Amino acid sequence: MAVHNTEVADLFDKMADLLEIKDENPFRIRAYRNAALTIRNLSKSLKNMIEEDIDLTGLPHIGKDLAAKIREIVETGTFAALKKVGLPLGLSELMRIGSLGGRGIKKLYEGLHITNLEELKEAAETGKIREIVGFAEHTEKKILENIATVTESKKRTKLIVADRILEDFVEYLKSGEVAGSVRRRKETVGDGDILVADDGSDVIDRFVVYEDVKKVLAKGPTKSSVLLKSGFQVDLRVIGKESYGAALLYFTGSKEHNIELRKMAVKKGLKINEYGLFDGKKRIAGKSEQEMYRALGLPYIEPELREDRGEIDAAQKGKLPSLIDVKDIRGDLHMHSTYSDGKCDLEGMVQAAVKKGYEYIGVTEHSQRIRIAGGLKPKEVEKVIRHIDRLNKKFKNIIILKGIEVDILEDGKLDLPDDILAQLDYRVCSVHYKFNLSLQAQTERIIRAMDSPYFNILGHPTGRIIGGRKPYDIDMERIMQAAKERGCVLEVNSQPDRLDLNDLHCRMAKEIGVKVAVSTDAHSIDDLDRMKYGVGQARRGWIEKKNVINTGTLRQLKKAFKRR
DNA sequence: GCCGTTTTCGGCCCGACTGTTTTCAGTCG
């Protein structure tokens, strides 16, 4: 069984949890947390890195000691140091419920021998916790509440859902700007952050009485948090105009990006907080983010890059990517109409695409294997081709490309005969069944499919559904290498519950040098608007206009479909 | 436990809100 990066990161986080409960050196704890984050941010698999004999201490926050521990975990699947801490592993999950930190858990463990969530719940229900010094009845109630929310749904919220909630909230407040991970376009978010420039109004009072508010979690003169009826938490921060940029920077995060900036400031003998950049007591920047970065000697860093994934280093060297923008997209290459499982007929989709100002679009119905999605048989594909020919005569200001979303069969063959595939301008090839093959079998299935000269774009490359289905097990590096050698392209599917490739895979694609197509996989007219979600992930993956085939002219696009 | 154009030792980001051990530690972002 291959050990995945997330499993190593989880073990390091568990280690940090236990050390925190043990009240160990806080910097040692942070070292584990930093390392865990480095690993989560990695686009390469640790397993491959070790096999290729890459020096892990070259990674940020990984020194000799942790490199050896990573090796141990990847090679043996065990982590001896974790057991050596001498605390029950179950304590780690108590860190997740909130309102309890290491100190609190330690007291409960020592005082009541609580070692896991179950025992904590029982102790709280029977009123034992209030007997411990430092815990009151109120705290006990809060713990019970938190246990309930963590077990039922401490789930992260999809970006598109958070977008809608926050747009409505800002409209209600009549002022404010969305910050936080939503602004960084993270695929899922834990909460929402709104920043308001202080104009002396009663915005915090209005914030807490918004109709969707279920509970006020905190309310002070500059900051408040509420829980909405949907279970989504929103934080508000009010800040003076002279500090607005500093606060936006602080409130946008990521936390790790901010920490790096603050360390930079410290080195220069300066200090950053949410009120500005300070030289002693004197504020030398703060009005805008641009001003803050400039004062630190850096160019502006786009929010999507602020993940401490090397962006500060790149900024210092003047090597920041010039990120792709939604406006760069000249056409959408993945959409369905009523010929297969779309909700709108073909002509309606074309009209909608014209309205969006696209120069070209590609229509990609499903192929015969998935009958449930109305997959087309060869004769039906030919019918669509003729229809597209007619539409191309009718619509003068858009080119409709003949595409298909053809299934990759279990043996790696494509689900339509070559003579049909040859009549199309390009083909999106996707896996829609047999998700649970072994890593090797699934990887080879896809690479074998790429051997077909008719393979152009690998559709939703990992098959994951956010919060629904795990990605299938594949060696993404090998697949990208294979795609590059053959002149194939990988899709960035913009459906908000797919976002597949994800941000890290986009980064990997860029580093490997394989091109991507950012497409919506629209099944309705409204779906065509979701391009921004795919572009968001591409931006988080440092993708530039030149890395994306559907930013090119029709001529350039057709060239991109030429196979090696 | 990591890290280094001040350092291989001695640092390690910074502030708001809550609850209470009532003057500040704990927790959070």
Side-chain angles (χ1 to χ4, degrees), chain A residues 12 15-17 19-21 23-38 56-70 81 85 94-108 130 132-143 146 179-182 184 189-195 204 208 216-226 233-239 243 246-247 249-278 296-297 306 308 312 316:
Chain A
F12 280 4
M15 182 75 173
D17 289 342
L19 293 175
E20 202 166 331
I21 293 162
D23 206 11
E24 266 270 357
N25 176 359
F27 299 106
R28 188 171 165 228
I29 296 162
R30 192 184 297 169
Y32 275 102
R33 296 226 188 272
N34 287 338
L37 210 70
T38 293
L56 299 177
T57 64
L59 298 170
H61 309 298
I62 308 284
K64 250 178 90 176
D65 184 90
L66 289 183
K69 289 191 165 97
I70 291 171
V85 179
L94 303 186
M95 296 286 285
R96 302 282 93 74
I97 62 173
S99 76
L100 273 180
R103 302 281 166 90
I105 295 170
K106 185 181 169 137
K107 278 192 208 161
L108 293 173
R130 71 186 74 164
I132 304 288
V133 182
F135 291 96
E137 196 178 333
H138 178 270
T139 324
E140 196 168 72
K141 255 171 88 183
K142 195 160 183 181
I143 288 173
N146 286 347
S181 45
V182 172
R184 302 199 312 277
V189 301
D191 62 9
D193 301 296
I194 300 175
L195 183 68
I204 291 195
V208 297
V216 180
L217 301 172
K219 182 171 181 271
T222 69
K223 168 177 183 178
S224 173
S225 294
V226 294
Q233 183 180 324
V234 181
D235 299 339
L236 178 79
R237 187 74 192 257
V238 183
I239 200 93
S243 296
L249 187 65
Y250 157 74
F251 221 25
T252 296
S254 67
K255 191 178 163 194
E256 292 71 31
H257 178 84
N258 288 343
I259 287 175
E260 288 309 308
L261 290 182
R262 286 173 181 198
K263 282 194 209 161
M264 256 186 91
V266 170
K267 266 187 204 158
K268 291 174 192 277
L270 308 170
K271 185 180 76 166
I272 296 179
N273 55 28
E274 58 261 56
Y275 300 105
L277 175 64
F278 291 88
L296 285 169
R306 300 180 197 167
D308 191 24
I312 291 173
Q316 282 170 326

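Chain letters run A, B, ... following the sequence lines, proteins first and then strands; every chain starts at 1. From a predicted model like this one, the values you see are computed outputs, not experimental measurements.
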- line: One should read off an interatomic distance between A:Y250 OH and A:I239 CD1, to the nearest 0.5 angstrom, of 9.0 Å
- line: In short, salt bridge (charged side-chain N to carboxylate O under 4.0 Å, His left out) pairs touching residues 25-38 of chain A with sequence neighbours left out are A:D13-A:R33, A:D17-A:R33, A:E20-A:R33, A:E24-A:R28
field: A:K141 NZ - B:dG19 P separation (whole Å)
entry: 12 Å
- prompt: How would you label the contact of A:K69 with the nucleic acid (heavy atoms, under 4.0 Å): base, sugar-phosphate, or nothing?
  reply: sugar-phosphate
query: Taking a pair as Watson-Crick or G-U wobble with both distances under 3.5 Å, which nucleotide is matched to B:dT8?
result: none
query: With rounding to whole Å, what would you report as the distance between B:dC14 and B:dT6 at their C1' atoms?
result: 23 Å
Side chain to side chain contact (heavy atoms under 4.5 Å, CB included) partners for A:L59, two or more places apart: A:T38, A:L42, A:M49, A:L56, A:I62
- request: Look at the side chain of A:T252 and the backbone N and O of A:L249, then say whether any donor-acceptor pair between them is shorter than 3.5 Å.
  value: no
C1' atoms of B:dC3 and B:dT8, separation to the nearest Å: 9 Å
query: Counting any heavy atom closer than 4.0 Å, what does A:A136 reach on the DNA or RNA strands: base, sugar-phosphate only, or nothing?
result: sugar-phosphate
- request: Take atom C1' in B:dT18 and the same atom in B:dC12, then report the distance between them in whole Å.
  value: 27 Å
- prompt: Does the pair A:M264 and A:I312 meet the rule for a side-chain contact (heavy atoms from CB on, under 4.5 Å), with working shown?
  reply: CA-CA 10 Å; A:M264 256 186 91; A:I312 291 173; 3.9 Å; yes
task: Sugar-phosphate means primed atoms, P, OP1 and OP2; the rest is base. With that split, encode nucleotides 9-18 of chain B 5' to 3' as B, S or - using protein heavy atoms under 4.0 Å.
output: ---BBBSSSS
field: A:R306/A:E256 ion pair, N-O < 4.0 Å
entry: no
field: Distance, C1' atom - from B:dG29 to B:dC13, rounded to whole angstrom
entry: 12 Å
message: Between B:dT20 and B:dC28, how far apart are the two P atoms, rounded to whole Å?
response: 15 Å
Listing time: all N or O pairs from protein to nucleotides 3-5 of chain B that are below 3.5 Å?
from	atom 1	to	atom 2	distance (Å)
B:dC3	OP1	A:H61	N	2.7

message: Rounding to an integer number of angstrom, what distance separates B:dG15 and B:dC9 when you compare their P atoms?
response: 31 Å
- request: Just jot down the side chain to side chain contact (heavy atoms under 4.5 Å, CB included) partners of A:K69, sequence neighbours excluded, or say none.
  value: A:F12, A:Y32, A:D65, A:L66, A:F79, A:A81
query: Can you list the steps and then say if A:N273 with A:F278 is a side-chain contact (heavy atoms from CB on, under 4.5 Å)?
result: CA-CA 8 Å; A:N273 55 28; A:F278 291 88; 3.2 Å; yes
- prompt: When you look at A:Q233 and A:D235, which way does the side-chain hydrogen bond (donor to acceptor under 3.5 Å, both in side chains) test go after all the steps?
  reply: CA-CA 7 Å; A:Q233 183 180 324; A:D235 299 339; 3.0 Å; yes
- request: Nearest 0.5 Å please: distance from the NZ atom of A:K263 over to the NZ atom of A:K268.
  value: 15.5 Å
query: Can you list the steps and then say if A:I21 with A:M95 is a side-chain contact (heavy atoms from CB on, under 4.5 Å)?
result: CA-CA 9 Å; A:I21 293 162; A:M95 296 286 285; 4.2 Å; yes
Show the distances under 3.5 angstrom between N or O atoms of the protein and N or O atoms of nucleotides 22-26 of chain B.
from	atom 1	to	atom 2	distance (Å)
B:dG26	OP1	A:R103	NH1	3.3
B:dG26	OP2	A:R103	NH1	2.3

